[in-house]
Number of protein chains: 2
Amino acid sequence: MALGKDYVTQECSIARALEVVGERWTLLVVRDAIYGVRRYNDFLAHLGIPRAVLSARLRTLTEEGILEKRRYQESPPRDEYVVTERGAALWPVLRALGRWGREHVDAHRLRLFLHADCGGEVEPYGKCAACGTLVPVADVVMVPGPELDSAPADPVSRALLRPKRLLEPLETEPPQPAH
Amino acid sequence: MALGKDYVTQECSIARALEVVGERWTLLVVRDAIYGVRRYNDFLAHLGIPRAVLSARLRTLTEEGILEKRRYQESPPRDEYVVTERGAALWPVLRALGRWGREHVDAHRLRLFLHADCGGEVEPYGKCAACGTLVPVADVVMVPGPELDSAPADPVSRALLRPKRLLEPLETEPPQPAH
DNA sequence: AGACATAGGTTCAATGAACGAACTTACGAT
DNA sequence: ATCGTAAGTTCGTTCATTGAACCTATGTCT
């Protein structure tokens, strides 16, 4: 369903995957979710996505079991979207895309991914260059690369400048008290 | 440009990649090109994509240097689209998507990828399970898996049932002489 | 009490992309 | 002269995306 009329004739697991995550914005929402973004307004600020499209993507990703909608406070009722194991399994897809983007579109090293246990760099296929382990997503620490903008406009990008473990919730700055 | 209004706010190589190959149908066209499909009508038959959309994708993929348009006969003038090195570099992305699709959407093993030199199976991250080499795309042989439809309707799918090396041109059946 | 702020949405009109059918071009074969 | 083929283009309809405005429930400031 994800692509309106889907790739029905395709007997291929690539097409199956793209039916679920191939729509515009979808993989960027998943990327942000893996980066630890969980709240509607944070996705909104970081992605610059239209609200209606974000609502639609969050709904279908939740239906597909890639995100899980979770009440994090009553009164006022507030929900957050947490990436599931199924969603985290998309990490290799994102690494592969990121590698291709860096090598074939734009050579900047914007973010580095390090192994939390040993500090070694995690290679695109998930192995730690230092100790050789296949690093699970939860043990990856993301740090800004040398060429990443160090003073971005939106608060979510700023929060993502601090080294942080993937999957852990992102902590954004508390809102400034009014003037 | 590939996504109309593109992901401009995104300082991220994943977003960069998706600007180029994130549109509907694009990755499936690249997949087919890596499988050896080269001709307009073969893409058409295999993908079931609207002609106008196929024309648009072939044009932008050519402009992006992912495919190369090549005259294969004069009189009548006929062109084919051959995947470039830049396009073949998307193979890991497609493998990662295919793996996710198989593990998290639909468990069928539709195609197997073997190392041409030793016959071992090529793992999702490109290593041969038998001999351990990181297998270049050109040395991958694709064979139908046990659960792939053995009598598909379109001639391109039928041609893809025979074991074939990736990147090598696909040979479709010659058209049947009229009744 | 009233005004404003916050989080997480929905609604809607305008635009843009995808769809599918029909048509075109340039040839070769019967 | 007609048919067939490969590689397209054109066009009207439908569907998706966009951005702005609005809505709801609650908490906070004065």
Side-chain angles (χ1 to χ4, degrees), chain A residues 1-9 18-19 22-26 28-29 37-62 67 69-81 155-156 169-170 172-179, chain B residues 1-9 18 22-26 28-29 37-62 67 69-82 155-156 169-170 172-179:
Chain A
M1 272 278 283
L3 281 154
K5 200 81 158 286
D6 31 356
Y7 302 124
V8 272
T9 63
L18 288 171
E19 281 174 26
E23 274 184 314
R24 185 150 159 69
W25 294 110
T26 301
L28 291 182
V29 171
V37 176
R38 295 185 171 187
R39 300 194 184 172
Y40 189 92
N41 281 334
D42 286 348
F43 285 109
L44 211 59
H46 192 228
L47 292 171
I49 181 178
R51 305 177 88 93
V53 177
L54 178 60
S55 299
R57 294 297 179 274
L58 291 174
R59 179 158 18 82
T60 64
L61 284 171
T62 303
L67 300 180
K69 191 170 182 169
R70 173 188 295 176
R71 179 69 42 106
Y72 69 90
Q73 71 174 34
E74 314 280 344
S75 178
R78 291 284 182 265
D79 296 314
E80 62 184 3
Y81 296 89
V156 179
L170 184 69
T172 47
E173 304 146 26
Q176 298 302 321
H179 71 111
Chain B
M1 272 276 280
L3 282 154
K5 201 75 156 292
D6 29 357
Y7 302 125
V8 272
T9 63
L18 288 172
E23 273 183 316
R24 185 150 158 70
W25 295 110
T26 300
L28 291 182
V29 171
V37 176
R38 296 186 170 187
R39 303 196 182 169
Y40 189 91
N41 280 332
D42 286 348
F43 285 109
L44 210 58
H46 192 226
L47 293 170
I49 183 179
R51 306 177 86 93
V53 178
L54 178 58
S55 299
R57 293 299 178 274
L58 292 174
R59 178 156 21 80
T60 64
L61 284 171
T62 303
L67 300 180
K69 189 170 183 170
R70 174 188 295 175
R71 177 71 40 107
Y72 70 88
Q73 72 175 33
E74 315 281 343
S75 177
R78 291 283 183 268
D79 296 315
E80 61 183 3
Y81 297 88
V82 184
V156 179
L170 183 69
T172 47
E173 304 147 27
Q176 297 302 320
H179 69 111

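Keep in mind the model is a prediction, meaning the values are calculated, not measured. A, B, ... follow the sequence lines: proteins, then strands. Residue 1 opens every chain.
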Legend entry - Closest contact, heavy atoms only, A:W25 versus A:G48: CH2-O, 4.0 Å
Legend entry - Nucleotide nearest B:Y40 (side chain, heavy atoms from C-beta), chosen from D:dT18, C:dG20, D:dT9: D:dT9
Inset, instruction - Between protein and nucleotides 23-30 of chain C, map the contacts as a letter string: B base, S sugar-phosphate only, - none, heavy atoms under 4.0 Å, written 5' to 3'. - result: ---BSS--
Inset, instruction - With the side chain of A:W25 defined as its heavy atoms from C-beta on, choose the nearest nucleotide among D:dT18, D:dA7, C:dT10. - result: D:dT18
Legend entry - Minimum heavy-atom distance between A:V29 and A:L61, given as atom pair plus value: CG1-CD1, 3.6 Å
Inset, instruction - Specify the closest pair of heavy atoms between B:D79 and B:K69, including all atoms of both residues, with the distance to one decimal. - result: OD2-CE, 3.3 Å
Legend entry - Qualifying residue, where the test is side-chain contact (heavy atoms from CB on, under 4.5 Å) with A:F43 and the options are A:V156, A:L58, A:L28: A:L58
Inset, instruction - Quick one: label B:R57 by what it contacts on the DNA or RNA (base, sugar-phosphate, nothing), any heavy atom closer than 4.0 Å. - result: sugar-phosphate
Inset, instruction - Tell me what A:F43 touches on the nucleic acid: a base, only sugar-phosphate, or nothing, going by heavy atoms under 4.0 Å. - result: nothing
Legend entry - Under-4.0 Å side-chain N/O to phosphate OP1/OP2 contact, A:R39 with C:dT6: no
Legend entry - Atom-pair distance (NZ on A:K69; C1' on C:dG9), nearest Å: 9 Å
Legend entry - A:Y81 vs C:dA7: side-chain N/O to OP1/OP2 distance below 4.0 Å: no
Inset, instruction - Remember a base hit wins even if backbone is also touched, and classify A:V53 as base, sugar-phosphate or nothing at under 4.0 Å, heavy atoms. - result: base
Inset, instruction - Return the minimal non-hydrogen interatomic distance between A:R38 and A:R70, and the atom names on each side. - result: NH1-NH1, 4.3 Å
Legend entry - For atom CG of A:D42 and atom C1' of C:dG8, their distance in whole Å: 12 Å
Inset, instruction - Whole angstrom is fine here: how far is it from CD in A:E23 over to P in D:dA16? - result: 8 Å
Legend entry - Side-chain N or O of B:S55 closer than 4.0 Å to phosphate OP1/OP2 of D:dT9: yes
Inset, instruction - Round to a whole Å and report the spacing from CZ of A:R24 to C1' of D:dC15. - result: 15 Å
Inset, instruction - Using whole Å, report how far CG of B:N41 lies from C1' of D:dG8. - result: 9 Å
Legend entry - Protein-nucleotide distance (B:D79, atom CG; D:dG8, atom P), rounded to Å: 6 Å
Inset, instruction - Round to a whole Å and report the spacing from CD of B:E80 to P of D:dA7. - result: 9 Å
Inset, instruction - Looking only at side-chain atoms of A:Y72, point me to the closest of D:dA7, D:dT18, C:dG8. - result: C:dG8
Inset, instruction - Could you tell me the separation between the CG atom of A:L44 and the P atom of C:dA7, rounded to a whole number of Å? - result: 11 Å
